[in-house]
Amino acid sequence: MFGLCMPTGEVYLLLKDGTKDSIEMSDLCNPRKEMMEDKWIVKAVKRVGYKNVEQIVYERYSNKTIIPIADYYAEHGQELECE
C-alpha cells in the first residue's frame, strides 16, 4: 500500500497592487534555480504582464524564496517582450 502526498509549496506572482496570483502548487528542490529555468513561469508572467508583477515567490512551510521581477526580466526579458 502506498499513499500520495500533496505538494506543500506554492509558486505565486506578487502583483504591484498587493494581490497574489497563484501559479502552481509544487515542491521544488532548488526553488530559485528551478523558477529561473522553467518556462511555465514565463507564460504566467506574460499572462498578467511583467509590468504588473513585483515579485515571483515560492513559499513552503513559511519559508519564502523571492525573485524580484527585475532579476527575472534580466534573464528572460526577450521572451517576455515578444508576443
Side-chain angles (χ1 to χ4, degrees):
M1 182 128 196
F2 65 93
L4 299 175
C5 295
M6 295 299 294
T8 56
E10 177 185 17
V11 179
Y12 60 88
L13 303 176
L14 183 61
L15 304 178
K16 290 189 178 182
D17 65 2
T19 60
K20 73 178 196 177
D21 181 18
S22 184
I23 300 173
E24 182 179 37
M25 300 296 288
S26 65
D27 291 330
L28 304 176
C29 296
N30 188 347
R32 183 169 180 82
K33 180 179 184 246
E34 291 178 47
M35 288 191 302
M36 289 299 279
E37 291 177 355
D38 287 340
K39 299 301 178 191
W40 51 268
I41 293 181
V42 172
K43 291 178 184 176
V45 171
K46 282 178 76 169
R47 179 177 45 85
V48 298
Y50 74 90
K51 293 179 181 177
N52 298 323
V53 178
E54 189 172 326
Q55 300 173 336
I56 302 166
V57 182
Y58 172 70
E59 185 172 1
R60 183 176 182 198
Y61 300 129
S62 299
N63 296 322
K64 293 181 180 180
T65 301
I66 299 170
I67 299 175
I69 195 63
D71 292 351
Y72 195 76
Y73 185 83
E75 185 79 23
H76 299 283
Q78 189 173 7
E79 295 169 87
L80 294 174
E81 291 287 347
C82 68
E83 291 295 318

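Here the structure is a predicted model, which is why all the values come from computation and not from measurement. When a residue number appears, it is its place in the shown sequence, counting from 1.
Residue I56 is grouped with residue V48 when hydrophobic side chains (ILVMFWY) are merged at heavy-atom distances under 4.5 angstrom, including chains of intermediate members. Both L13 and L80 are members of a single hydrophobic cluster when ILVMFWY side chains are connected at heavy-atom separations under 4.5 Å. W40 and M36 fall within a single hydrophobic cluster, where Ile, Leu, Val, Met, Phe, Trp and Tyr side chains are chained together by heavy-atom contacts under 4.5 Å.
Side chain of H76 to main chain of K39: no donor-acceptor pair is present (N/O by atom type, distance under 3.5 Å, no hydrogens or angles). With hydrogens and angles disregarded, a donor-acceptor distance shorter than 3.5 Å links the side chain of D17 to the backbone of T19.
In this structure, E81 and Y73 have side chains that are in contact, with non-hydrogen atoms separated by less than 4.5 Å. In this structure the side chain of T65 never reaches within 4.5 angstrom of the side chain of V57, judged on heavy atoms. Looking only at side-chain heavy atoms (C-beta outward), D27 and Y58 come within less than 4.5 Å of each other. Between K46 and V42, some side-chain heavy-atom pair lies under the 4.5 Å cut-off. Using a 4.5 Å cut-off on side-chain heavy atoms (C-beta onward), K64 and Q55 make no contact.
Taking CD1 of I41 as the start and CD1 of I67 as the end, the distance is 6.5 Å to the nearest 0.5 Å. Annotation: the span from T8 atom OG1 to E10 atom CD amounts to 11.0 Å, rounded to 0.5 Å. Note: I69 CD1 to Y50 OH = 9.5 Å, rounded to the nearest 0.5 Å. Atom-to-atom distance recorded for I23:CD1 and R47:CZ is 7.0 Å, nearest 0.5 angstrom. Here E54 contributes atom CD and L15 contributes atom CG; the two are 9.0 Å apart, rounded to the nearest 0.5 Å.
For the pair R32 and D71, the tightest heavy-atom approach, listed with the atom from each and the gap, is NH2-OD2, 3.7 Å. Shortest non-hydrogen contact noted between C29 and E34 is N-OE2, 3.0 Å.
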*asked:* Pair V11, L28 - check side chain to side chain contact (heavy atoms under 4.5 Å, CB included), show working.
replied: CA-CA 9 Å; V11 179; L28 304 176; 4.0 Å; yes
_Under the criterion side chain to side chain contact (heavy atoms under 4.5 Å, CB included), I'd like the reasoning laid out for Y72 against V53: C-alpha separation, chi angles, the key distance, then a yes or no._
CA-CA 11 Å; Y72 195 76; V53 178; over 6 Å; no
